[in-house]
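Presented below is the structure to which this report refers.
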Amino acid sequence: MRGKVSSMTLLLGVLLLLGLSRGGEVAAAAGAPGRCTTWTPVKAYAKCIALPTQGATLAWTYDARNATLDAAFTGSFISPSGWVAWGVNQDAPAMAGARVIAAFSDPSTGALLALPFVLSPDVKLQAKPLVSRPLDIPLLASSAALIAPARTVRDGASVTIAATIRLSPNRTTLHLVWNRGLYVQGYSPTIHPTDASDLASHATVDILTTATESSPIASARLQWAHGSLNALSWGLLLPIGAALARYLRPCASAGPAAWFYAHAATQAAGYLLGAAGFALGIAMGAASPGVTYKLHRGLGIAAATAGSLQTLAVFFRPKTTNRYRKYWKSYHHLLGYGCVVIGVVNVFQGFEVMGLGASYWKLGYCMALATLIGVCVALEVNAWVVFCRRQQEEKLMRREVEDVVVKDRAAAF
């Protein structure tokens, strides 16, 4: 079993390290800033900036005489049935409270539409479909146009959404929001993906100086390092360590203490790698104050706490003759299996957070985990067969001993 487990661990480790480099490049390309230009299919503008996520850009001309902003946002679709939107928020760089223009394909005619939407605070709750309605800000004009060579809405097609807005006098700082989604139900855009770059798609821009303030997001390489370390440690090494303790211990040919050293070494390596991955997660959270994943973070804290308590429990392990030893063993087993379950669940949650819910990386991890589970099931069945056989042998031996005792007593009389 140790040879199979070691080979499987090495294989997954290589896959995860390859994903760290290659996947980091893919994620970086998905969330990297674009290169801005003042020329658009609509018209030429005076200034432009590259927005920090989704490869989006913004070009504009500001007329200070009548406080009019003539702007064009350029983004890209991620689905033939998707949508792209941008707008302004008068209060804060956030989605709730923003007034946006969304571009998508008309479900009836297939023509490109540009409709206004008000994102009230209950949008996040998805209590009801998002319905287009006139904006309560001075929107003078709006339009949308695909950028050649795209002629229809498709994955990767670029679109320019133009709008002319009258601003408050002497107010040149704008809170911008933008995003894109996979589906439009009727004329109602559905929720956008929740990757780090999607949640951080907002910025504050000074239209006079082009100074931009945006929420920082963790780098793609940091995200992949965090995911790789945690998948290898909490998701694989710790379950392997628990399996070694359970199934190697009854194996007399391996030596009386072999199971303990194998279990301790595997768990120590898993905990150290997991602690490093957890530390990277803390650093990512500090670097991305506007991006939170409550469930993933909560499960990570629970797994790290359980792993730390397990490590500390080793230093307080009673001797085998101590009457409290059985309580310590129950605590150790319960907390250990709980840590393994939480860790594996959080690895799957991490795949969803990174947008890899349908990726080959998740498939590879599922195959490795399924192999480990299959080995454990086979060993568990074998252990029960051996246990039942030993029980039967002991029962037969007791009967033989009882028969001998009965015969000796009969002979004595």
Show every donor-acceptor pair shorter than 3.5 Å between a side-chain atom in residues 338-348 and any protein atom, with sequence neighbours excluded, or say none if there are none.
{"from": "N346", "atom 1": "OD1", "to": "H296", "atom 2": "ND1", "distance (Å)": "2.9"}
{"from": "N346", "atom 1": "ND2", "to": "H296", "atom 2": "O", "distance (Å)": "3.3"}

#### Entry: Closest non-hydrogen atom pair, A262 against L248
CB-CD2, 4.0 Å
#### Entry: Rounded distance (nearest 0.5 Å) linking atom CH2 of W361 with atom CH2 of W224
6.0 Å
#### Entry: Spacing of CG belonging to L174 relative to OG1 belonging to T204, to within rounding of 0.5 Å
9.0 Å
With a 3.5 Å cut-off and sequence neighbours excluded, list the donor-acceptor pairs that the side chains of residues 100-119 form with protein atoms.
{"from": "S105", "atom 1": "OG", "to": "G110", "atom 2": "O", "distance (Å)": "3.2"}
{"from": "D106", "atom 1": "OD1", "to": "S108", "atom 2": "N", "distance (Å)": "2.8"}
{"from": "D106", "atom 1": "OD1", "to": "Y187", "atom 2": "OH", "distance (Å)": "2.8"}
{"from": "S108", "atom 1": "OG", "to": "Y187", "atom 2": "OH", "distance (Å)": "3.3"}
{"from": "T109", "atom 1": "OG1", "to": "A111", "atom 2": "N", "distance (Å)": "3.3"}

### Task
Sort and list the pairs that fulfil side chain to side chain donor-acceptor pair (under 3.5 Å) and have at least one residue in residues 74-91, not counting sequence neighbours.
T74-T160, S76-R180, S79-S81
### Query
Side chains of L182 and T190: does their closest heavy-atom pair fall under 4.5 Å?
no
### Query
Of the non-hydrogen atoms in A275 and W234, which two are nearest, and what is the gap between them?
N-CZ2, 4.3 Å
### Query
How long is the gap from OG1 on T57 to CD1 on I49, to the nearest 0.5 Å?
9.0 Å
### Query
Within the side chain of H263, is there an N or O that forms a donor-acceptor pair under 3.5 Å with the backbone of G241?
yes
### Query
Is V88 close to L167 at the side-chain level, that is, under 4.5 Å between some pair of heavy atoms?
no
### Query
Should V159 and F73 count as side-chain neighbours, where that means a heavy-atom distance under 4.5 Å?
no
### Message
Can you give me the closest heavy-atom contact between A242 and Y337, atom names plus distance?
### Response
CB-CE2, 4.3 Å
### Task
Please name all residues satisfying salt bridge (Lys or Arg N to Asp or Glu O under 4.0 Å) with K362, sequence neighbours left out, ordered by chain then number.
E352
### Query
Are side-chain heavy atoms of T38 and K47 found at a separation under 4.5 Å?
no
### Task
Scan for side chain to side chain donor-acceptor pair (under 3.5 Å) pairs involving residues 132-150, sequence neighbours excluded, and state none if there are none.
R99-D136
#### Entry: Heavy-atom side-chain contact between Q54 and S201 under 4.5 Å
yes
#### Entry: Closest non-hydrogen atom pair between D70 and K43, with its separation
OD2-NZ, 2.7 Å
### Query
Going from CG on L237 to OG1 on T266, what distance comes out if it is rounded to the nearest 0.5 angstrom?
7.0 Å
### Message
If I compare all heavy atoms of Y45 with all of A71, which pair ends up nearest, and what's the gap?
### Response
OH-O, 3.9 Å
### Query
Rounded to the nearest 0.5 Å, how far does CG of L369 lie from CG of L236?
7.5 Å
### Message
Ignoring hydrogens, what is the shortest heavy-atom contact between G181 and I78? Give both atom names and the distance.
### Response
O-CG1, 3.6 Å
### Query
Are side-chain heavy atoms of L372 and I240 found at a separation under 4.5 Å?
yes
### Message
Could you walk me through whether L335 and L309 satisfy the side-chain contact (heavy atoms from CB on, under 4.5 Å) test, starting with their C-alpha distance in whole Å, then the side-chain angles of each, then the deciding distance to 0.1 Å, before giving a yes or no?
### Response
CA-CA 8 Å; L335 193 63; L309 291 175; 3.6 Å; yes
### Query
Any side-chain heavy atom of N179 within less than 4.5 Å of one from M95?
no
### Task
Enumerate the residue pairs fulfilling side chain to side chain donor-acceptor pair (under 3.5 Å) with a member in residues 310-322, sequence neighbours excluded, ordered by first and then second residue.
Q310-H332
### Task
Quick one: list whatever passes salt bridge (Lys or Arg N to Asp or Glu O under 4.0 Å) with K329, sequence neighbours left out.
none
### Query
According to the salt bridge (charged side-chain N to carboxylate O under 4.0 Å, His left out) rule, which pairs have a member within residues 298-307, sequence neighbours left out?
none
### Message
Once ring pair (Phe, Tyr, Trp, His ring centres under 6.0 Å) is applied, do any residues pair with Y271, and if so which ones, sequence neighbours excluded?
### Response
none
### Message
Distance check, rounded to the nearest 0.5 Å: L51 atom CG versus H202 atom NE2?
### Response
12.0 Å
### salt bridge (charged side-chain N to carboxylate O under 4.0 Å, His left out) partners of residues 298-309, not counting sequence neighbours, each pair once
none
### Query
Does any N or O in the side chain of W60 come within less than 3.5 Å of the main-chain N or O of I207, such that one atom is a donor and the other an acceptor?
yes
## Note on the structure
The salt bridge (Lys or Arg N to Asp or Glu O under 4.0 Å) partners of D198 (sequence neighbours excluded) come to none
#### Entry: Residue pairs, two or more places apart or on separate chains, that pass side chain to side chain donor-acceptor pair (under 3.5 Å) and touch residues 376-394
R246-E380, Y247-E380, E380-W384
### Task
Tell me, yes or no, whether the heavy-atom count around Y261 atom OH, taken from other residues, nucleotides or ligands under 6.0 Å, exceeds 12.
no
